[in-house]
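Structure first, then comments.
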Amino acid sequence: MNELPKDAPQNCLEIPITIRFGDTDPYGVVYFASYFRYCHHGIEELMRRVGCPPEKYFRDRERGFGLPIVGAACDFFRPARYGDALRLHVGVFKMSLRAITFAFYFFLEGRPDAVGRGHASMVAIDRTWRSCHLPEELRQALEPYKFSRT
Ligand SMILES: CC(C)(COP(=O)(O)OP(=O)(O)OC[C@H]1O[C@@H](n2cnc3c(N)ncnc32)[C@H](O)[C@@H]1OP(=O)(O)O)[C@@H](O)C(=O)NCCC(=O)NCCSC(=O)c1cc(O)c2ccccc2c1O
């Protein structure tokens, strides 16, 4: 997403990522699909941090809603390898009444510039799998992590 700021804003949540052997390709470089798993991990950790646990909010049978991913993309600027210390910064790039776009920045220890950057969008759906309003308490809880709070 071209509109993503180059640098991670200050109000992101920072999460250490352990690179597992199985996350890498035959050259020991983190495989692209693993980054998407790290991104989802970032969403889960952010939701936990704001008091909206993913196990309750991803799929709530009682209230009848879910939060599927409708789009995701990542750019990779430098390789990360097995044994590297990776840090993920996750924040909310955009949030409307029905959809949230999270942004992700990956950093390696000792490097100021992100080695990878990406985004993923979730849409609230109702029991009929049509979009509906996000739970208001989730929107409010994520507000402090929005990139620009206008
Ligand atoms: C989810 C849909 C049913 C939405 O379609 P619908 O027609 O009802 O809604 P709109 O198209 O009008 O969109 C509403 C709202 O969302 C924004 N939006 C839609 N698509 C995108 C997108 N690609 N990127 C960004 N934003 C998007 C749109 O602009 C509107 O915003 P407003 O601001 O205007 O309100 C339908 O899209 C659908 O069924 N999609 C398929 C979803 C799917 O199969 N995904 C595959 C992966 S599933 C997955 O990975 C997954 C991950 C999880 O973490 C889950 C957690 C919990 C439950 C399920 C999960 C899950 O399946």
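Counting starts at 1 for both ligands and their atoms, following the listed order.
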*Closest by any non-hydrogen atom to atom 10 (P) of ligand 1: pick that one out of P68, P54, G71, S131.*
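That would be S131.
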Taking only heavy atoms of [X] into account, list the atoms of ligand 1 that are under 4.0 Å away from them.
| X | result |
| --- | --- |
| W129 | 3 (C), 38 (C), 39 (O) |
| I125 | 1 (C), 3 (C) |
| R130 | 8 (O) |
| M122 | 54 (O) |
| H40 | 52 (C), 53 (C), 54 (O) |
| S121 | 24 (N), 25 (C) |

Does any N or O of ligand 1 fall below 3.5 Å from an N or O anywhere on [X], backbone included?
| X | answer |
| --- | --- |
| S96 | yes |
| F58 | no |
| T101 | no |
| V70 | yes |

Measuring from atom [atom1] of [X] to atom [atom2] of [Y], what distance do you get when rounded to the nearest 0.5 angstrom?
| X | Y | atom1 | atom2 | result |
| --- | --- | --- | --- | --- |
| K94 | E3 | NZ | CD | 5.0 Å |
| R139 | E136 | CZ | CD | 5.0 Å |
| L13 | R49 | CG | CZ | 4.5 Å |

*L67: heavy atom below 4.0 Å from ligand 1, yes or no?*
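So L67 counts as touching ligand 1.
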Could you find the nearest protein heavy atom to [atom] and give me its residue, atom name and distance?
| atom | result |
| --- | --- |
| atom 16 (O) of ligand 1 | V123 CG2, 3.1 Å |
| atom 51 (C) of ligand 1 | I69 N, 3.7 Å |
| atom 28 (C) of ligand 1 | A99 CB, 4.9 Å |

Flag: protein heavy atom within less than 4.0 Å of [atom]:
| atom | answer |
| --- | --- |
| atom 54 (O) of ligand 1 | yes |
| atom 34 (O) of ligand 1 | no |
| atom 18 (N) of ligand 1 | yes |
| atom 25 (C) of ligand 1 | yes |
| atom 22 (C) of ligand 1 | yes |

*Between Y105 and D7, does any side-chain donor sit less than 3.5 Å from a side-chain acceptor?*
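No, no side-chain donor-acceptor pair sits under 3.5 Å.
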*Determine whether more than 12 heavy atoms belonging to other residues, nucleotides or ligands lie under 6.0 Å from atom CZ of R127.*
yes
Any side-chain heavy atom of [X] sitting closer than 4.5 Å to one from [Y]?
| X | Y | answer |
| --- | --- | --- |
| V123 | R130 | no |
| Y31 | T24 | no |
| D23 | Y38 | yes |

Hey, is [X] close enough to [Y] for a salt bridge, meaning N to O under 4.0 Å?
| X | Y | result |
| --- | --- | --- |
| E55 | R48 | yes |
| R78 | D113 | no |
| R63 | E137 | yes |

_Set of ring pair (Phe, Tyr, Trp, His ring centres under 6.0 Å) partners for F58, sequence neighbours left out_ =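 Listed in chain order: H40.
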